[in-house]
Engineer: 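One structure coming up, written as structure tokens, with questions to follow.
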Amino acid sequence: MAITTERGSTTTSSAPVDDGPRRTSRTGPVLLTTLTWILGIGFFFPVLWMVLTAFKTEGDAQSSPPTFVFTPTFEQFRTVFDAGIGPYLANSLGATVISTLLVLLLAIPAAFALSMRPVEKTQDVLFFFISTKMLPVVAAIVPIYVVVNDIGLLDNIWTLIVLYTAMNLPIAVWMMRSFFLEVPSELLEAATMDGASLARTLREVVLPIISPGIFATGLICVIFSWNEFFFAVNLTSANAGTMPTFLVQFVTSQGLYFAQLSAAATLAALPVIIAGWVAQNKLVQGLSFGAVK
Amino acid sequence: MTSTLERPAAPSGPPPAPGQTPTRSARAEGWVRRAPLLPALVFTIIVTQIPFLLTIFYSLQSWNLVRPGSQQWVWFDNYVSVFQDSQFRGVALNTVIMTLGSVLIAVVLGLVLALLLNRHFIGRGIVRTLLVTPFLITPVAAALLWKTTLLDPTYGLINFVLSPFGVGEEAWISDFPLASVMVALIWQWTPFMMLLLLAGLQSMPTDQIEAARMDGAGAWAIFKELTLPHLRRFIELGTVLGAIYLVNTFDAVYMITQGGPGTASANLPFYIYQRAFLGFDIGQSAAMGVVVVVMTIIVATFALRLVFRSFGAAEGSN
């Protein structure tokens, strides 16, 4: 069998090597591979079905038995855009991008102070960050609503930005820290010996090493903020609503029509699916707070 | 209510250089080290801790938003009503079933998929990408997908697929509301468990397995004696993380069943939301929030410390 790289999609240049005596039968591996493919397609199929349904007419979408062959139509996407998806899309984009930048701005220095030049009580600080993720959001929503309402920031995009920043910051700190820890400390010492200032060392030595990590951390923050629903549905309405709330509002106003609903859901989900595909190798590292590489 | 975990007994911070007492410059040096951390720390404390303090404050009051001027101190009355509320107990039980049930099934399915993916075969990267996708889809969109095109009694794909097995127009969502929500959650979380366990499998030393195989150990013996023990901490980590994320499930309940019929499929986040934003009962919902936080802390403190200790992620601050 060929040696596969971790991505698995590309085989290394070495020619397929025979497994030799170990391979007694060919049917076992073939069966397992087939099973894996069936399961993979099975898990993916609901998503594919959503995208397919988005291109159907309402009649094809709600038919029994389900329609598999149909003439694609953009009718549903037109309906979705006519229903005013624009502002929601812009809000999602704004809340996601700005909160992610803020998270990185706060998390990178903090992670540095918890890894390369650790402060005292580093462990306590780290556990404080992770413990905030364990507190159920629902327990905080009441005071947040009352306070936001009192200061007149209800239905304001900046409210979401602040909350999304706080929501993602602990994950980002842990994740960035695990990337900083991968930087060999000798490298830093060598640069300092050579008389380079700390700022210059960070910029020219450390930054290039951790930049893939920054990218991955950013993508994971993007996924979480884009998908967030609880704060959005409780704290926003027409002005600052994001894509998940658009879906809810769309269902309420249009009714449960499968095809147009699938079109709206496809538009809401697609950006994050693509971001996630790009970041899939780092997904686990982010979600496990850097515990698993 | 800062819920700080019991501090792990690891030495932290740089020890002062031998023969040097902390002087003024050492103190200044300490602040130089701390400075990059402070913005993030202060921000997190303000945004995440103050609301919880306010939750405790509100939980001691009777306050209904639709009756202005109704705010008054009642001390622990709200807690008494929470514990007397049989619906709350039912909903708490739902939360446990929903969280643990979904996590455990997702772990088992994830393990099967991870084992299947931990082989070399054509299109492995593609299959992995396909499998990851359910985890990425916006939960609200996923919930809508399950509610309509998949679980609809007449037009749903699930009933169509099951029709050769004699399943008619089964109304899954009204007949099995809790299970329907859980199916959507399991579908979304299995990929995460798969990725985590796959990382675990790939970190396994191959020479050990080779040696066992040379000794004539069968596949099942290798799995039971070598693979499973190695994966144990990954399974634990997956369970704990899954539980942390899933105990907060709101989107799926809100979209698929609205907690109904009655409170048959409501979990705590949804129930508290109903009390706060449909019933406008600030005091009651705050008290429920505090109860949930206390329960979460009890579970999470033990579980998380255990898991992160076994991973050593908390160790070695250089």
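Naming convention: chains lettered A, B, ... in sequence-line order (proteins, then strands); numbering from 1 in each chain. Quantities reported herein were computed from a predicted structural model and do not represent experimental measurements.
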Engineer: Check whether B:Trp31 gets within reach of chain A through its side chain, its backbone, both or neither, counting any heavy atom under 4.5 Å.
Structural biologist: neither
Engineer: Are A:Trp174 and A:Phe129 near enough that their ring centres are under 6.0 Å apart?
Structural biologist: no
Engineer: Tell me, side chain or backbone of A:Ile223 under 4.5 Å from chain B's heavy atoms, or both, or neither?
Structural biologist: side chain
Engineer: With a 4.5 angstrom heavy-atom cut-off, is it the side chain or the backbone of B:Tyr254 that approaches chain A, or both, or neither?
Structural biologist: side chain
Engineer: What residue in B:Val291, B:Leu268, B:Val140 has the most heavy-atom pairs under 4.5 Å with chain A?
Structural biologist: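 That would be B:Val140.
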Engineer: Heavy atoms only, distances under 4.5 angstrom: which of B:Val32, B:Val132, B:Leu145 has the most pairs with chain A? Name it, please.
Structural biologist: B:Leu145
Engineer: Below 4.5 Å from any heavy atom of chain A, which atoms of B:Thr149 appear? Answer side chain, backbone, both or neither.
Structural biologist: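 When you check distances to chain A, atoms from both the backbone and side chain of B:Thr149 fall under 4.5 Å.
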Engineer: Identify which part of B:Phe234 has an atom lying under 4.5 Å from any heavy atom of chain A, answering side chain, backbone, both or neither.
Structural biologist: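 For B:Phe234, the contact with chain A is made by the side chain alone.
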Engineer: Go through the steps for B:Thr129 and A:Gln280 under the test side-chain contact (heavy atoms from CB on, under 4.5 Å), then give the verdict.
Structural biologist: CA-CA 8 Å; B:Thr129 305; A:Gln280 57 174 299; 3.0 Å; yes
Engineer: Report which part of A:Phe68 has an atom under 4.5 Å of a heavy atom belonging to chain B: side chain, backbone, both, or neither.
Structural biologist: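 For A:Phe68, side-chain heavy atoms alone lie under 4.5 Å from chain B.
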Engineer: With a 4.5 angstrom heavy-atom cut-off, is it the side chain or the backbone of A:Thr53 that approaches chain B, or both, or neither?
Structural biologist: side chain
Engineer: Side chain, backbone, both or neither: which part of B:Val247 has a non-hydrogen atom closer than 4.5 Å to chain A?
Structural biologist: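 When you check distances to chain A, no heavy atom of B:Val247 falls under 4.5 Å.
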Engineer: Answer with side chain, backbone, both or neither: which region of A:Val103 has an atom nearer than 4.5 Å to a non-hydrogen atom of chain B?
Structural biologist: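 Answer is neither: A:Val103 stays 4.5 Å or more from chain B.
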Engineer: Taking the side chain as C-beta and beyond, is there a heavy-atom pair between A:Phe229 and A:Leu247 under 4.5 Å?
Structural biologist: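 Counting from C-beta outward, A:Phe229 and A:Leu247 never come under 4.5 Å.
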Engineer: Which is it for B:Arg213 and B:Glu210 under the salt bridge (charged side-chain N to carboxylate O under 4.0 Å, His left out) test, yes or no, and what are the steps along the way?
Structural biologist: CA-CA 5 Å; B:Arg213 202 174 275 155; B:Glu210 285 299 318; 3.7 Å; yes
Engineer: Name the region of B:Leu237, side chain, backbone, both or neither, that has any atom closer than 4.5 Å to a heavy atom of chain A.
Structural biologist: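 Contact with chain A involves the side chain of B:Leu237 alone.
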Engineer: Mark yes when over 12 heavy atoms from residues, nucleotides or ligands other than A:Leu48 sit less than 6.0 Å from its CG; otherwise mark no.
Structural biologist: yes
Engineer: Quick check on the interface: out of A:Leu35, A:Asn227, A:Val138, A:Val30, who has the most heavy-atom pairs with chain B under 4.5 Å?
Structural biologist: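 Top option by heavy-atom pairs under 4.5 Å: A:Asn227.
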Engineer: Who among A:Ala113, A:Pro65, A:Ala111, A:Ala275 has the most heavy-atom pairs with chain B under 4.5 Å?
Structural biologist: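 Max contact count across the listed options: A:Ala113.
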Engineer: If I measure from the heavy atoms of chain A, does B:Leu195 come under 4.5 Å with its side chain, its backbone, both, or neither?
Structural biologist: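 B:Leu195 touches chain A through backbone and side-chain heavy atoms alike.
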Engineer: For the interface with chain A, which of B:Val47, B:Val127, B:Thr190, B:Leu113 has the highest count of heavy-atom pairs at distances below 4.5 Å?
Structural biologist: B:Val127
Engineer: Any Lys/Arg nitrogen of A:Glu120 or B:Arg34 sitting under 4.0 Å from an Asp/Glu carboxylate oxygen of the other?
Structural biologist: yes
Engineer: For residues 255-271 of chain A, please give each side-chain donor-acceptor pair under 3.5 Å, one per line with the distance, not counting sequence neighbours.
Structural biologist:
{"from": "A:Ser262", "atom 1": "OG", "to": "A:Phe258", "atom 2": "O", "distance (Å)": "2.8"}
{"from": "A:Thr266", "atom 1": "OG1", "to": "A:Ser262", "atom 2": "O", "distance (Å)": "2.6"}

Engineer: Just say parallel, tilted or perpendicular for the rings of B:Phe192 and B:Tyr245, cut-offs at 30° and 60°.
Structural biologist: perpendicular
Engineer: For the candidates A:Ala110, A:Ser63, A:Pro136, which exhibits the highest count of non-hydrogen atom pairs separated by less than 4.5 Å from chain B?
Structural biologist: A:Pro136
Engineer: Which one wins on heavy-atom pair count under 4.5 Å against chain A: B:Leu54, B:Thr48, B:Asp251?
Structural biologist: B:Asp251
Engineer: Hey, could you give me the CG/CZ distance between A:Asn168 and A:Phe224, rounded to the nearest 0.5 Å?
Structural biologist: 7.0 Å
Engineer: With only heavy atoms counted, which part of B:Met255 is less than 4.5 Å from chain A, the side chain, the backbone, both or neither?
Structural biologist: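 Answer is side chain: those atoms of B:Met255 sit under 4.5 Å from chain A.
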Engineer: Where is the tightest heavy-atom contact between A:Thr242 and A:Thr245, given as atom of each residue plus distance?
Structural biologist: O-OG1, 2.6 Å
Engineer: Under a plain distance cut-off of 3.5 Å, with no hydrogens placed, do A:Thr36 and B:Arg124 share a side-chain donor-acceptor pair?
Structural biologist: no
Engineer: Report which part of B:Asn248 has an atom under 4.5 Å of a heavy atom belonging to chain A: side chain, backbone, both, or neither.
Structural biologist: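 The side chain, not the backbone.
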Engineer: If you count heavy-atom pairs under 4.5 Å between each of B:Gly289, B:Ser163, B:Ala40 and chain A, which one has the most?
Structural biologist: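 Looking at each of B:Gly289, B:Ser163, B:Ala40 in turn, B:Ala40 comes out on top.
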Engineer: Angle class for the B:Phe250/A:Phe230 ring planes (parallel below 30°, perpendicular above 60°, tilted otherwise)?
Structural biologist: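 Perpendicular.
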Engineer: How long is the straight-line distance from CZ of B:Phe43 back to CG of A:Leu106, given to the nearest 0.5 Å?
Structural biologist: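 One finds 6.5 Å between CG of A:Leu106 and CZ of B:Phe43.
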Engineer: Could you give the side-chain donor-acceptor pairs of residues 151-161 of chain B under 3.5 Å, partners two or more places apart or in another chain?
Structural biologist:
{"from": "B:Asp152", "atom 1": "OD2", "to": "B:Thr154", "atom 2": "N", "distance (Å)": "3.1"}
{"from": "B:Asp152", "atom 1": "OD2", "to": "B:Tyr155", "atom 2": "N", "distance (Å)": "2.9"}
{"from": "B:Asn159", "atom 1": "OD1", "to": "B:Trp172", "atom 2": "NE1", "distance (Å)": "2.7"}
{"from": "B:Asn159", "atom 1": "ND2", "to": "B:Pro153", "atom 2": "O", "distance (Å)": "3.0"}
{"from": "B:Asn159", "atom 1": "ND2", "to": "B:Glu170", "atom 2": "O", "distance (Å)": "2.9"}

Engineer: Between B:Leu198 and chain A, which part of the residue has a heavy atom less than 4.5 Å away: side chain, backbone, both or neither?
Structural biologist: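 When you check distances to chain A, no heavy atom of B:Leu198 falls under 4.5 Å.
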Engineer: Identify which part of B:Leu150 has an atom lying under 4.5 Å from any heavy atom of chain A, answering side chain, backbone, both or neither.
Structural biologist: side chain
